[in-house]
Protein chains: 2
Amino acid sequence: MTNSEILSNYLKNHGVKPSIQRLKIYEILRNNVTHPTADEIFNHLVKEIPTLSLATVYNTMHLFEQKELVRIINIENHQARFDWNMKPHGHFQCNVCGTIYDIEIDTNQMNINELDEYQLEESHFYFKGLCKTCLNK
Amino acid sequence: MTNSEILSNYLKNHGVKPSIQRLKIYEILRNNVTHPTADEIFNHLVKEIPTLSLATVYNTMHLFEQKELVRIINIENHQARFDWNMKPHGHFQCNVCGTIYDIEIDTNQMNINELDEYQLEESHFYFKGLCKTCLNK
DNA sequence: CTACAAAATTAGAATAATTTTAATCTATGG
DNA sequence: CCATAGATTAAAATTATTCTAATTTTGTAG
């Protein structure tokens, strides 16, 4: 099975009909950039699918989110990013180069007692500062 | 000293000249709503200061952030909120009523080894789900 | 096949939050 | 007073996202 076929099946198994647009968008998420914005995905793909519309990217992202194929992350204000990694984890964004790194976080280890009062549905952790690469410059 | 005088001095001590706009905005943050949006602050204040401009609210917020008087929180996409509480803590937003609650979080207790690689400047934690009030309905 | 319905995609307009611009106002120090 | 820097303002511009309505594609029953 090719990589495309694998991802195509993966979409099907999550209740998403794998149109060419959806498949390519998911491929970008899985194979290229890690946490792209809608615009980045669009610009990347429009070369290949010239009739692609930004609305399709947004539609697809919301569909993916609903089917639990991606998580929407809000590190910067005014720009959503999409993350295919559904395992609980956090993010670190470098204030200089803007790169976003995944950070392993074990939510259970945190045991925040106060949260017992709530019915938890989502957890988001992110950090900002300077990454190694930018520190060494 | 009146409450206004205390807050006025507080601004001065943080390097912010306490104009009436800035003082009233900070008063709202401290005394009224907990995590207001720029628009909420504007609508609250424009009754009292009819010439107030939304740009002033944004300018003031960015000044406050720079002077470490507020933190900007990005729980929802497409709408920043302002938090005067500078102690490290997290947030919980109810998916039904939208209320944002403060959550005590001890960052040190988390010891995320991976973060050693970075020079940390900000930490953000937020959760979503259902609050007690909405659960009991 | 073919026709039809449903689903998906699209372009472009609309909306919402924020930033920018340029003008006006205010406070302060000489 | 006056000059100057800083603060505020209204309005226009920008950016990200959503909406709308039309068009295209897909799947299916005849």
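Both backbone and side-chain heavy atoms feed into the values below; hydrogens, waters and symmetry mates do not.
- At whole-Å resolution of the value, CD in B:Glu65 and P in C:dT19 are 10 Å apart.
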Inset, instruction - Tell me, with the steps shown, if A:Glu122 and A:His124 meet side-chain hydrogen bond (donor to acceptor under 3.5 Å, both in side chains). - result: CA-CA 7 Å; A:Glu122 296 171 43; A:His124 299 261; 2.7 Å; yes

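- Residues A:Met61 and A:Ile49 are members of one and the same hydrophobic cluster, defined by side-chain heavy-atom contacts under 4.5 angstrom among Ile, Leu, Val, Met, Phe, Trp and Tyr.
- Pairing each heavy atom of B:Leu29 with each of B:Phe82, the nearest pair is CD2-O, 3.8 Å.
- If you measure from atom CD of A:Gln79 to atom C1' of C:dT19, you get 15 Å, rounded to the nearest angstrom.
- Extent of DNA chain D lying under 4.0 Å from chain A heavy atoms, first and last nucleotide in 5' to 3' order, is D:dA16 to D:dC19.
- Separating the CG atom of A:Leu52 from the P atom of C:dA11 is a distance of 8 Å, rounded to the nearest angstrom.
- Counting non-hydrogen atoms of neighbouring residues, nucleotides and ligands closer than 6.0 angstrom, the CD atom of A:Glu104 reaches no more than 12 such neighbours.
- Nearest heavy atoms, A:Ile103 versus A:His89: O-CB, 3.4 Å.
- Rounded to whole angstrom, the span from the CG atom of A:Asn77 across to the P atom of C:dA16 amounts to 17 Å.
- Smallest separation of non-hydrogen atoms from B:Arg71 and B:Ser123: NH2-O, 3.4 Å.
- The CG atom of B:Asp39 sits 15 Å away from the C1' atom of C:dT19 (whole-angstrom rounding).
- Whole-Å rounding puts the B:Met61 CE to C:dA17 C1' distance at 15 Å.
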Inset, instruction - Just do the side-chain hydrogen bond (donor to acceptor under 3.5 Å, both in side chains) check on B:Asn74 and A:His78 with the steps written out, would you? - result: CA-CA 9 Å; B:Asn74 296 150; A:His78 246 142; over 6 Å; no

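- Residue A:Ser19 is the one, among A:Ser19 and B:Tyr58, whose nearest nucleotide of DNA chain C lies closer to the 5' end (criterion: closest heavy atom).
- Residues A:Glu76 and A:Arg81 are paired through a salt bridge, judged by an N-O separation under 4.0 Å between the basic side chain and the carboxylate.
- To the nearest angstrom, C1' of C:dA16 lies 11 Å from CG of B:Leu54.
- Where B:His78 and B:Ser53 each meet DNA chain D at their nearest nucleotide, the meeting point lying more 5' is that of B:Ser53.
- The minimum heavy-atom distance between B:Asp83 and B:Asn85, with the atom names listed, is OD1-N, 3.0 Å.
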Inset, instruction - Summarise how protein sits on nucleotides 20-30 of chain C as a single string, 5' to 3': B when a protein heavy atom is under 4.0 Å from the base, S for sugar-phosphate-only contact, - for no contact. - result: B----------

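- One can place CD of A:Glu76 at 16 Å from C1' of C:dA17, the figure rounded to the nearest angstrom.
- Taking only side-chain nitrogens and oxygens, A:Thr56 comes nearer than 4.0 Å to OP1 or OP2 of C:dT10.
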